[in-house]
6 protein chains.
Amino acid sequence: MKVLLVNPNTSQAVTDRIMVTARSVASADTELLGVTATSGAAYIATRAEAVIGARAALELLAEHYSGYDAAVIAAFGDPGLGGARELLPIPVVGLAGAALHTACMLGQRFAIVSFASALGPWYRECVEFHGLEGRLAAVRLLDSAFRDITTVQEEKEDLIVELCCATAKEDGADVAILAGAPLAGLAARVARRVPIPLVDCVAAAVRQAEALAALRPIIRRAPVKPVIDVPAALAKLFRAR
Amino acid sequence: MKVLLVNPNTSQAVTDRIMVTARSVASADTELLGVTATSGAAYIATRAEAVIGARAALELLAEHYSGYDAAVIAAFGDPGLGGARELLPIPVVGLAGAALHTACMLGQRFAIVSFASALGPWYRECVEFHGLEGRLAAVRLLDSAFRDITTVQEEKEDLIVELCCATAKEDGADVAILAGAPLAGLAARVARRVPIPLVDCVAAAVRQAEALAALRPIIRRAPVKPVIDVPAALAKLFRAR
Amino acid sequence: MKVLLVNPNTSQAVTDRIMVTARSVASADTELLGVTATSGAAYIATRAEAVIGARAALELLAEHYSGYDAAVIAAFGDPGLGGARELLPIPVVGLAGAALHTACMLGQRFAIVSFASALGPWYRECVEFHGLEGRLAAVRLLDSAFRDITTVQEEKEDLIVELCCATAKEDGADVAILAGAPLAGLAARVARRVPIPLVDCVAAAVRQAEALAALRPIIRRAPVKPVIDVPAALAKLFRAR
Amino acid sequence: MKVLLVNPNTSQAVTDRIMVTARSVASADTELLGVTATSGAAYIATRAEAVIGARAALELLAEHYSGYDAAVIAAFGDPGLGGARELLPIPVVGLAGAALHTACMLGQRFAIVSFASALGPWYRECVEFHGLEGRLAAVRLLDSAFRDITTVQEEKEDLIVELCCATAKEDGADVAILAGAPLAGLAARVARRVPIPLVDCVAAAVRQAEALAALRPIIRRAPVKPVIDVPAALAKLFRAR
Amino acid sequence: MKVLLVNPNTSQAVTDRIMVTARSVASADTELLGVTATSGAAYIATRAEAVIGARAALELLAEHYSGYDAAVIAAFGDPGLGGARELLPIPVVGLAGAALHTACMLGQRFAIVSFASALGPWYRECVEFHGLEGRLAAVRLLDSAFRDITTVQEEKEDLIVELCCATAKEDGADVAILAGAPLAGLAARVARRVPIPLVDCVAAAVRQAEALAALRPIIRRAPVKPVIDVPAALAKLFRAR
Amino acid sequence: MKVLLVNPNTSQAVTDRIMVTARSVASADTELLGVTATSGAAYIATRAEAVIGARAALELLAEHYSGYDAAVIAAFGDPGLGGARELLPIPVVGLAGAALHTACMLGQRFAIVSFASALGPWYRECVEFHGLEGRLAAVRLLDSAFRDITTVQEEKEDLIVELCCATAKEDGADVAILAGAPLAGLAARVARRVPIPLVDCVAAAVRQAEALAALRPIIRRAPVKPVIDVPAALAKLFRAR
């Protein structure tokens, strides 16, 4: 099986993090490719940046999806997911959708925990997009600044563990999602310090992509129309039948 | 007052339609400018096309908003709206949001009526994005093909009137939205043939843009980050404080 | 354009406040009339008082609506709104409905801020009546007594600003409504001290009444029946076809 | 135990119907009094009529509640219920609230069945007011005219039975409410012809009033304020502590 | 009238408590029988224990229901309720369902108050099962250990009163349910110390069972199939037509 | 990896069907064991049967889970799932939960399609238990009798394909779940005849069990109490720490 991961952020270092976690959790016979956006923000934290990232995600998918069995949009918030599902003949998941649905199979009320309060409005909208607000216990975010997106998980490790413990005790969450590609790999490292199961969103997405591909769903594209003035691979995808 | 209308579709003829209706309903002292996307689809009907359109909307807004009191994203579905609200210091409405909220002040349960069944999933998501699914009576769409997007309202006039009458009688709708920029101006022409009030989405958007601007809200931008490889005006907007 | 404002409270001083704000925000060519209830409470703060106020609102509307293009029920909580919409051939908005829908076009999650904790249950029901509980971030109310309803906005100005700042920071609200006719005009005065946009409910209602009237909706009355032992103008409205 | 039934409609014949059913279902030692509004509509079918009826209900309750253990607002739609709960020191139920909650204990998804399509919007709002829209299977209403409100249940008996059977089969309802005071007593007569349990709204209300009174809840009045220009008994209720 | 109460817990002392309260609130001519499970947990506090309790409840009902007019599953959480309704030809209520619906007729937003934080997830699911999450103000639970389930109400009386007062003041609850059979009778003892009405779940269930039986609903069993290897009385119930 | 499948129905032939599909979709290195209930119904179609099945599921899990990495409750409706999650230290999924969440990653609005109308109420409750009613497009069930549960999928194949096509066209579903263990394997056989992706609930459950196990979540048991008079393995599970 082959799974494509597209990082709609422009940070190669975050893609590297993603791929380490992805490889550690993928099935033995799964082949992975990770690609990084060349336009947009270093990491997406607002709806404005997500607009740019959504387009970047479609461009990356259009260019690379051929030959893959499933794809992952490797940003929490899932920029471009709805459109990608209409365009591609293979299953596509986002980090958020995959993590949310995975969490819902491990517990009854999930918390979303992350490292920056700026992410709040976008993540909350994302839960509503996936129709899971009834199972959300809380969104818990750190509100202090961080030094570097590529090492934020080490810098904030203890504070994030505290948030996880607090949401278990105070919000009634029985499972917590460590949200955001920059936290890839953290869940495995801190799981023993938290009283509820943790979901690593990259790990969840890779395994969900595999699960969807294994079902061999027959996916028919939506009736899209030609678009002009976009990169050739993307334009071709809008023309394909 | 000055209101900017950005059409994230690439059809100039639809922009022309939009502007005729916009001018007919705007306050006497309101100045309007309509601009058209140069990339993307002739008209947006799917989530895939909306991803392209959202980015196009931000580009147009970035290039033209200076000096305006409010802006309209002139496509039903409101591509890019969440991002635009974070980036611009002036109120921004989309055709859908404006029409939905206007309809909610004219009746208790609204119907969305339009000319193509392909629009269904996107319009339904749009109602959920605006949090108004509890007041949606029905989405009623024609499922026959049409010849030309710029004259679809004349071609389908009688069928759309029939849908409006049917939704009033069978779905309990007490107000109906004629959804989609290509239907701009149709409501005024057919209102007398329908037993419930009709909302023209372009007319609603222009008046809502005026209403929001008149309140002189103080809008602070979200803490966005620099983005690379996007048109200069848009890049500048992401850098501005 | 002519807009009628009916204050279902018996306080003329509050009507005076309402009209000052209404005139400051209305379009240049809009003519306004404000009338005050002669039965009921000085200001409505409970559902019991709202029952009296709803009837008073219908009486005032029946007596004065002729010749007007739209009407405003000038109490937050919108007493009598559903009935007024069935009886009158012109658009009718309440302060709450107008403010809620306006807020939803300025932000994604609104807070309601006001001066008396007694208002809580009624305001919360009001949000549910309008179907917008999914977008409510918080209801924040002062719980200390106030001296005089006509000057409560000056007396509590600093405390209300504090509530607005708190709801922005702690509840994730990105827009706040200053709720209740006695607060008319306060938003403009304190907007710069609050990090999120404020909605003045009287200003919103006047502009929404104008917007609805500008759409020239054709409103057909509900099939009401004759009623006995009510004031003549109201009785006549129930008989009209 | 003493239970007061106030009919906010002006039809004495409907009150008589109500009292026959009420007496047939009340506990042996329960004493009942039925009173009829002297202002308003012959029977309430719209929100406009309900505004008048709500005030009439408060007037009747104020005049007669003294010495009673519980009260019933004997119109489906429960006009004035929220206000009555704030004013009176005894439990108050409406026909709708009592019937809806009773139905929810007999089945998982209830249908509302009644004799006039004009009742639809008001009844639907009523379900939402009680927060039970998630358990509503359908509202099924006859749309033909009827001759006389006092004998509508005999006139439409067979058609109403058909609606009940249809909602069981087609809507998945597993319990049906015969809604509206004019249908009092019909459920007992036709129950055997319908495959799901029927709820008589008057019978449910009387028994729920008894149940609430039997719990001897300590009810504290809301902090209402004096009102002017209303009947003396009602004015006194607003002054009482 | 004859009402059967089945305690799906194995604690006879709790059944005794239940019956004292049940007798104090039942109508004069109502005959009561209380029976206790012989398998399962001393008292149910988790979903795991509820699975055992649900089966025990069906066994007890099958063995004893004959000749009764209504039945009560006397555990908050209502284990087995959905199944019991399908199997028995008489109305069946659970402590939770009866208390929740009763509370909804006494106030607009209810709180659930109980003695052990372990009950939280199960009680919350229970509110959702009954479709009343929109009216839930809060679940407030003590988190300290208790000595003995049969005297927990005396041991924790003051702390439970404090929770009731807190939920009235801080959560906007206008009615509170003392949840769990072990608290039977406490409401009557402490009602005067709490500013909002209290609902005793056993008292509510007995009166609701009476109310439902008084309506004489005709209840048809669901089309169940034979089951093997269960006690004879239960097996017979699955075979009956 | 080792995955345990417990069939809470007593039909060994259905277990055989389940295992054929399970083996066809499981990862190469996954070891599977299927066990069948010895008490209860041949197949669960009502809430009453599910009460028996839930207890049977816990008994089977208690007896067999040791040494497994994840478990599947192999009945749509997930009897006993909430309890199993509290008792077992490994992930447990039900056919319904796994299929619903899988469907939500393949489309935006899912339909549930099955072979018997008796399943409707239970399946609908199941969607609500999982908090996904907002994404449910329709429940579509055959209402004709079938000959044999073990061959119902061959007998009704064409009719089920018709339902799938109808729900895609008429209900706006963009993914369909073939619900119920007796339909295991059907999706793969008919996928090409349906315009939207199909989800086989057994295949989804096996892959989701694998995915959850691969995340190596640390699952802590709920604080359950000893239970009496249940099979030894189950009693032991309630005692374990």
Side-chain angles (χ1 to χ4, degrees), chain E residues 8-11 37-59 61-62 77 79-88 116-122 125 128-131 133 145 149 221-231 234-235 237-238, chain F residues 8-11 37-59 61-62 77 79-88 116-122 125 128-131 133 145 149 221-231 234-235 237-238:
Chain E
N9 300 289
T10 57
S11 163
T38 55
S39 68
Y43 76 97
I44 300 171
T46 62
R47 288 159 285 199
E49 292 150 4
V51 168
I52 310 298
R55 157 92 180 248
L58 290 197
E59 292 182 18
L61 288 166
L81 179 62
R85 281 204 186 127
E86 292 182 324
L87 285 177
L88 295 187
S117 59
L119 299 159
W122 189 36
E125 264 183 45
E128 290 172 9
F129 172 78
H130 289 288
E133 59 273 33
I149 188 67
R221 290 158 29 84
V224 291
K225 296 182 298 293
V227 295
I228 58 175
D229 193 30
V230 302
L234 185 53
L237 200 51
F238 274 91
Chain F
N9 300 289
T10 58
S11 163
T38 56
S39 67
Y43 76 97
I44 300 172
T46 63
R47 287 159 285 198
E49 293 150 4
V51 169
I52 310 298
R55 158 92 179 247
L58 290 197
E59 292 182 17
L61 288 166
L81 179 62
R85 280 203 188 129
E86 292 182 325
L87 285 176
L88 295 187
S117 59
L119 299 159
W122 189 37
E125 264 183 44
E128 290 172 9
F129 172 79
H130 289 289
E133 59 274 32
I149 189 67
R221 290 158 29 85
V224 292
K225 295 181 299 292
V227 295
I228 58 175
D229 194 31
V230 303
L234 185 52
L237 201 50
F238 273 90

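Just so you know, these numbers come straight off a predicted model, no measurement behind them. Values reported hereafter were calculated over all heavy atoms of this structure, with side chains retained and with hydrogens, waters and symmetry mates removed.
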Requested in this report: With a 4.5 angstrom heavy-atom cut-off, could you sort out which part of Ala50(F) is near chain E: side chain, backbone, both or neither?
Outcome: neither
Requested in this report: Measure distances from Tyr43(F) to the heavy atoms of chain E and classify the residue's part below 4.5 Å as side chain, backbone, both or neither.
Outcome: both
Nearest non-hydrogen partners of [X] and [Y], listed with the distance:
| X | Y | result |
| --- | --- | --- |
| Glu86(E) | Arg47(F) | OE1-N, 2.7 Å |
| Glu49(E) | Lys225(F) | OE2-N, 2.8 Å |
| Leu87(E) | Ala48(F) | CG-CB, 3.6 Å |

Query raised in the report: Looking at Ala54(F), Ala45(F), Gly83(F), which one has more heavy-atom pairs under 4.5 Å with chain E than the rest?
Result: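 Max contact count across the listed options: Gly83(F).
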Query raised in the report: Is it the side chain or the backbone of Ile228(E) that comes within 4.5 Å of chain F heavy atoms, both, or neither?
Result: both
Query - Part of Leu234(E) within contact of chain F (heavy atom distance under 4.5 Å) - result: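 The side chain, not the backbone.
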Report task. Step by step, work out the side chain to side chain contact (heavy atoms under 4.5 Å, CB included) result for Thr10(F) and Val227(E). Result -> CA-CA 9 Å; Thr10(F) 58; Val227(E) 295; over 6 Å; no
**Report entry** Top contributor to chain F interface from Ser39(E), Gly131(E), Ala42(E), Ala84(E) [non-hydrogen pairs under 4.5 Å]
**Finding:** Ser39(E)
Query raised in the report: Roughly how far apart are Thr46(E) OG1 and Arg221(F) CZ, rounded to 0.5 Å?
Result: 9.5 Å
Query raised in the report: Taking only residues two or more places apart in sequence or in another chain, which ones pass side chain to side chain donor-acceptor pair (under 3.5 Å) with Glu128(E)?
Result: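 Applying side chain to side chain donor-acceptor pair (under 3.5 Å) to Glu128(E) gives none.
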